[in-house]
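Order of appearance sets the numbers: ligands from 1, and atoms from 1 within every ligand. Note that this is a predicted model, so its numbers are computed, not measured. Note that these values count all heavy atoms, side chains included, but never hydrogens, waters or copies made by symmetry.
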Amino acid sequence: MATHKLLLLPGDGIGPEVMVEVKKLTAFMNAHGLGNFEIEEGLVGGCCYDAHKIAITDATMAKAHAADAVIFGAVGGPQWDRVPYEVRPEAGLLRLRKELGLFANIRPAICYPALAESSSLKRDVVDGLDIIILRELTGGVYFGEPKTITDLGNGQKRAIDTQVYDTYEIDRIARVAFELARKRRNKVTSMEKRNVMKTGVLWHEVVKELHAREYKDVALEHQLADAGGMQLVRWPKQFDVIVTDNLFGDMLSDIAAMLTGSLGMLPSASLGEVDAKTKKRKAMYEPVHGSAPDIAGKGVANPIAMLASFGMALRYSLNMAKEADQIEAAIAAALAQGLRTADIKSEGAKIVTTAEMGDAIVGEMKKLAA
Ligand code: IPM
Ligand code: MG
């Protein structure tokens, strides 16, 4: 069996707690011949700042480059609110994305039937929802230069962020969107604001041209991002794959996540370009939720998004689709037993801790593998 090198970066807040459950699962899989994982761990975010005064070290970056997949927890917390901007916890995450070239961020929003009641929307609007927000992750206003605050000397300051997109950046993310859609319900909705932004004008043009050239079989729609946000809460099932830029994708994916009842449920994958020689691509997997400092250390966090992120790593990086299916089935089975962490509690359900939910999912894996 192929050996897979994983770099675990638990990070801050609930990150380390939910990562423990991934370690349980990999240990189980290693012990039962379901996988052959070589695991390394590193610091990222606030915990790395505390140790090294930087959000991620060069040594950890080198390990990330060498890994078959990076499994990332979460970063940040109020205790680091005042650290210098360049070394704030989030800078570690952004450096990983940029230097590993992880331009394609796949954020599925799936509403498990058992959780439709936890959504703030009516059951029929979200029940069975299964859409993907595909977010461009290495360009746009997150990384554009100049990015400055200047003192104007008259009691005023001026802050500048720059939104930049080149043709190739739009083209390659749109290509991922069309390819994903072909394996799903064959529809792509591209969102930008071409009514206000030049990057929106180019985005629209490049997506349209690629579609006409190579993907005419896929249904393509364009929506302005604000109207798209409205449609996302009005009738989300109209969508299949939504492709959008870094900033709009950040916002729209949080909205989409909440439609499903809990941020604690959703995994994500961030993928780089396929290397022509090795046929491999750099990749990082992380839950959509953040470090949740308010519940950190209490053992109540939901480990499902983290475990499902590991499942996505098996599917997209390690060529282990069968085991990925098993993880998804094990998660569904644990929920079907009526087990719920506090964030997804419902009438008649049994409230469990992070560790209990992890144990239950590993237990279901055992049954499925038997
Ligand atoms: C996300 C997060 C990050 C982002 C933060 C932590 C920098 O909100 O992954 O959605 O803005 O991209
Ligand atoms: Mg976000």
Exercise for review: Could you label the plane-to-plane angle of the F310 and F37 rings as parallel, tilted or perpendicular, counting under 30° as parallel and over 60° as perpendicular?
Suggested key: perpendicular

Study note, to complete from the structure: Here the N/O/S atom of D250 closest to the Mg ion (ligand 2) would be OD1

Check your understanding: Between R97 and ligand 1, which residue portion shows a heavy-atom distance shorter than 4.0 Å: side chain, backbone, both, or neither?
Key -> side chain

Review point. Would you call the rings of H211 and F178 parallel, tilted or perpendicular if under 30° counts as parallel and over 60° as perpendicular?
Key: tilted

Review point. Any chance the side chains of Q238 and Q231 put a donor and an acceptor closer than 3.5 Å?
Key: yes

Study note, to complete from the structure: Going by the 4.0 angstrom heavy-atom rule, the piece of M251 near ligand 1 is neither

Review point. Does any N/O atom on E286 come nearer than 3.5 Å to any N/O atom on ligand 1?
Key: no

Practice item. Mark the output for H289 as yes if a heavy-atom distance to ligand 1 is under 4.0 Å, and as no if none is. Key: no

Practice item. Answer with yes or no whether the side chains of D12 and W80 bring together a donor and an acceptor at under 3.5 Å. Key: no

Review point. What atoms of ligand 1 come within less than 4.0 Å of a heavy atom belonging to E90?
Key: 6 (C), 7 (C)

Review point. Are Y168 and F103 an aromatic pair by the rule of ring centers under 6.0 Å?
Key: no

Study note, to complete from the structure: The protein heavy atom nearest to atom 10 (O) of ligand 1 is D250 OD1, 2.8 Å

Check your understanding: Between N105 and S270, do the side chains contain an N or O donor and an N or O acceptor separated by less than 3.5 Å?
Key -> yes

Point to revise | Nearest protein heavy atom with distance in Å, relative to atom 4 (C) of ligand 1 | key: Y142 OH, 3.4 Å

Point to revise | Spatial distance of atom CE (M284) from atom CG (L9) [nearest 0.5 Å] | key: 8.0 Å

Review point. Considering distance alone, does some N or O of R107 sit under 3.5 Å from an N or O of ligand 1?
Key: yes

